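Beneath this line is the structure, given in structure tokens, with notes to follow.
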Amino acid sequence: QVKYSDYTEIPEFEEEMNKIEAEINAQLDELTAWEQALTNEITVKSTELEEINAYLDSYKQMLSSNIQEDFNFGLNS
């Protein structure tokens, strides 16, 4: 039986390291794609939320104006 003083002397070492590195790089690519998809979703949802808030603000303003007009109409009747 051969005793290796350095694990890098094992014949399959380089091949195994390349396999592991390829697996890690593949996982990293998947995580990067997932992160980008989440970032895109956050951007879309933030835009939708801004649109909803703008709609609510305009709706509140319209209701406030209508209430004021109704009140003023009642005073002038």
Side-chain angles (χ1 to χ4, degrees):
Q1 178 166 341
V2 179
K3 296 264 185 184
Y4 294 104
S5 59
D6 184 355
Y7 60 89
T8 59
E9 294 174 4
I10 300 171
E12 299 86 15
F13 175 78
E14 197 67 39
E15 183 181 334
E16 288 300 316
M17 287 300 296
N18 288 339
K19 282 182 192 176
I20 292 169
E21 187 176 345
E23 289 173 8
I24 290 172
N25 285 336
Q27 290 175 352
L28 182 59
D29 290 344
E30 287 178 22
L31 287 173
T32 301
W34 180 64
E35 181 182 28
Q36 185 60 47
L38 288 176
T39 300
N40 293 343
E41 188 173 346
I42 288 170
T43 302
V44 168
K45 297 298 182 189
S46 294
T47 302
E48 289 175 354
L49 181 59
E50 288 174 11
E51 290 173 358
I52 290 169
N53 285 333
Y55 174 78
L56 285 175
D57 288 343
S58 68
Y59 193 75
K60 286 177 189 176
Q61 182 62 40
M62 182 188 67
L63 284 176
S64 178
S65 295
N66 286 345
I67 290 169
Q68 185 64 44
E69 288 173 13
D70 289 349
F71 180 75
N72 290 339
F73 181 77
L75 289 178
N76 295 328
S77 294

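Given the structure is predicted, the values throughout are model-derived calculations rather than measurements.
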Give the table of side-chain donor-acceptor pairs shorter than 3.5 Å for residues 39-54, with sequence neighbours excluded, one pair per line with atom names and distance.
unit_1, atom_1, unit_2, atom_2, d
T39, OG1, E35, O, 2.9
N40, OD1, Q36, NE2, 3.0
N40, ND2, Q36, O, 3.4
T43, OG1, T39, O, 3.0
S46, OG, I42, O, 2.9
T47, OG1, T43, O, 2.9
N53, ND2, L49, O, 3.4

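- Within the structure, the ring pair (Phe, Tyr, Trp, His ring centres under 6.0 Å) test picks out the following pairs touching residues 12-32 (sequence neighbours left out): Y7-F13.
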Residues 15-34, side-chain donor-acceptor partners within the protein, below 3.5 Å, at least two apart:
unit_1, atom_1, unit_2, atom_2, d
N18, ND2, E14, O, 3.3
N25, ND2, E21, O, 3.3
T32, OG1, L28, O, 2.8

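- Other members of the cluster containing Y59 are Y55, M62, L63, with ILVMFWY side chains joined at under 4.5 Å, either directly or via other members.
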